[in-house]
Undergrad: 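Below you'll find the structure I mean.
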Amino acid sequence: GWHAHSVCFEHAMSKVPERFSQKILYYAPRPPSTAGKEAPNFSSNFPFMWDRIISYMRYEDDIDSHTMSDLAFDAKSGRDNVLWEDLHMPLQATAGMCAPGAGED
C-alpha cells in the first residue's frame, strides 16, 4: 500500500540524512526545534559526518569542487584542495557523538 507508493515516488537523496540517522546514528540526539521552526528530522551529528564523507570523495577525485560545494552542509568546505591532514582531524565533538556504553568500564 502506502509504503510501496512512498518508496517509488520519494526523492531518495533527500531521505539520506533521515535514514542514515535512523540506521547508523540512532543513539545521537536530534536537534531541538526553535521558535516557529520545525526541527530537522535527522541527527545533529549527521552534517559533520556527511561533510567528512564528501571531503573523502573530493580527495579521491570522485567528485569535483563544484559538486562538493553543492553536497556539503558547510559551503565553506567546498574548496579546491582537500588535504590528507584535514581528513585525519577528529570530527567536531558534539554531544552524543559516542555510541551508548562507549568508554564505560
Undergrad: What about the rings of F20 and F46, do their centers lie closer together than 6.0 Å?
TA: yes
Undergrad: Would you confirm whether W50, through its side chain, and L71, through its main-chain N or O, come within 3.5 Å as a donor-acceptor pair?
TA: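 Checking the backbone N and O of L71 against the side chain of W50, a donor-acceptor pair under 3.5 Å is found.
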Undergrad: Counting only N and O atoms by type, is there a donor-acceptor contact under 3.5 Å from the side chain of S21 to the main-chain atoms of S43?
TA: yes
Undergrad: Under 4.5 Å between any side-chain heavy atoms of L87 and W84, yes or no?
TA: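 They are in contact (side-chain heavy atoms under 4.5 Å apart), so the answer is yes.
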Undergrad: Heavy-atom distance under 4.5 Å between the side chains of D70 and H66, does that happen here?
TA: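 A side-chain contact under 4.5 Å exists here.
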Undergrad: CG/N41 to CD/Q22 distance, rounded to the nearest 0.5 angstrom?
TA: 6.5 Å
Undergrad: I'd like to check the side-chain hydrogen bond (donor to acceptor under 3.5 Å, both in side chains) partners of D64; sequence neighbours left out, ordered by chain and number.
TA: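 For D64 the side-chain hydrogen bond (donor to acceptor under 3.5 Å, both in side chains) partners, ignoring immediate neighbours, are T67.
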Undergrad: Working to the nearest 0.5 angstrom, can you tell me the gap between S55 OG and E60 CD?
TA: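 One finds 12.0 Å between OG of S55 and CD of E60.
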Undergrad: Say you draw a straight line from CE of M57 to CZ of R52; how long is it, rounded to the nearest 0.5 Å?
TA: 15.0 Å
Undergrad: Say you draw a straight line from CD1 of I53 to CZ of F48; how long is it, rounded to the nearest 0.5 Å?
TA: 13.5 Å
Undergrad: To the nearest 0.5 Å, tell me how far I24 CD1 sits from M49 CE.
TA: 8.0 Å
Undergrad: Keeping the roles fixed (side chain from D51, backbone from F73), state whether a donor-acceptor pair exists under 3.5 Å.
TA: yes
Undergrad: When rounded to the nearest 0.5 angstrom, what distance separates CD1 in I63 from CZ in R58?
TA: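 Answer for the CD1-CZ pair, I63 versus R58, is 7.5 Å.
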